[in-house]
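For reference, the structure discussed in these notes is given below.
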Amino acid sequence: MRLTIEKISKTFKDKQAVTTFSAELTEGVYALLGPNGAGKTTLMRMLADIMKPSSGRILLDDKDISLMGDHYRDILGYLPQEFGLYKNFNAIRFLSYFASLKGLDKEKAKTRVEEVLKLVNLQKDRKRKLRTYSGGMKRRLGIAQALLNDPKILIVDEPTAGLDPQERVRFRNLLSEIAGDRIVLLSTHIVTDIEYIAKEVLLMRQGELIQRSTIEKLLESVEEKVWKCSVEQGALSQLQKSYKVGNIQRAESGIEIRIVSDVKPMPNALSVSPTLEDVYLYFFEKEAEENV
Ligand SMILES: Nc1ncnc2c1ncn2[C@@H]1O[C@H](COP(=O)(O)OP(=O)(O)OP(=O)(O)O)[C@@H](O)[C@H]1O
């Protein structure tokens with residue numbers, strides 16, 4: 001299976017949200033990483049065939065998805081960023097309702113609803129009203145909904161927004177379990193979401209794909225560009241103006257800061273091993289976890 005994104009762009013009036021984005025995706029988990037406003041949601045909506053590109057094409061195994069109609073929707077699972085729940089429904093009723101919208105026949109739907117509840121580990125809570133669900137449970141239910149038709153392509157838009165770190169880890173594990181032979185595209189601006197699970201990372205900035213790589217290669221690309229420096233408090237604000245400063249830690253003598261820079265920022269700077277947060281800082285300037 002091959003999903004080909006061929007030079008797609010999307011313009012809203014005077015705003016270019018996505019600019020000639022091209023990529024080819026095969027089975028596995030891909031992470032679309034970029035800051036708020038980078039164009040991730042717009043790209044995903046086009047991949048989910050909810051929004052038409054202003055130009056360019058999306059092909060599944062060489063067939064234009066805009067010409068595939070229901071055949072494409074049959075193999076697609078989509079979890080949008082904003083996902084409305086019927087608060088007075090329980091999980092079974094909610095999923096059965098979506099199953100009927102997706103055209104599953106009644107008998108098949110019954111079995112499938114139980115299967116997806118098991119997959120996302122909500123079996124025990126399947127009869128509870130959704131208004132009593134935690135943020136993590138709601139997101140898992142969202143994934144269950146997206147999996148009802150056993151999609152070959154699964155698109156999930158910022159699924160970990162608002163989840164606590166423990167729920168984020170559970171959600172990440174869930175995605176990696178269900179990935180199997182599907183194409184999974186997950187968008188996020190939180191670097192820890194993509195650790196361990198992403199086969200490749202697509203970095204998006206201002207509507208453009210600026211880098212596509214494995215996590216290992218991304219880390220390699222900032223090798224020798226991450227520095228630990230001991231500085232005095234008074235020097236900090238000037239350094240922040242001149243460099244991309246990551247973690248700031250108080251030490252016995254002054255403070256210790258992490259700087260991402262192509263050149264050694266000061267004589268006493270020590271080169272240290274990069275993390276994904278450094279990668280984010282290198283490509284996107286802002287602090288990696290700023291928007292959590
Ligand atoms: N319907 C629309 N009309 C006008 N501008 C839009 C519309 N949808 C998105 N945009 C603009 O396009 C740009 C990309 O938005 P998009 O929501 O795709 O980014 P994002 O990376 O998903 O960000 P976020 O993480 O905040 O959702 C933004 O500048 C946004 O304001």
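Indexing begins at 1, ligand by ligand and atom by atom, following the structure's order.
- By the side chain to side chain donor-acceptor pair (under 3.5 Å) test, Glu6 is found to be paired with Arg57, residues two or more places apart in sequence or in another chain being considered.
- Using a 4.0 Å heavy-atom criterion, the residues that approach ligand 1 are Phe12, Lys15, Ala17, Pro35, Asn36, Gly37, Ala38, Gly39, Lys40, Thr41, Thr42, Gln81, Glu158.
- Using a 4.0 Å cut-off between charged nitrogen and carboxylate oxygen, Arg2 and Asp62 count as a salt-bridge pair.
- Remark: side-chain polar atoms of Arg126 are paired, donor with acceptor, to backbone N or O of Gln123 under 3.5 angstrom.
- Thr41 and Gln81 share a donor-acceptor pair across their side chains, judged by distance under 3.5 Å alone.
- No side-chain donor-acceptor contact under 3.5 Å links Arg258 to the backbone of Val226.
- Looking at Asp125 and Arg128, a side-chain N of the basic residue comes within less than 4.0 Å of a carboxylate O on the acidic one, giving a salt bridge.
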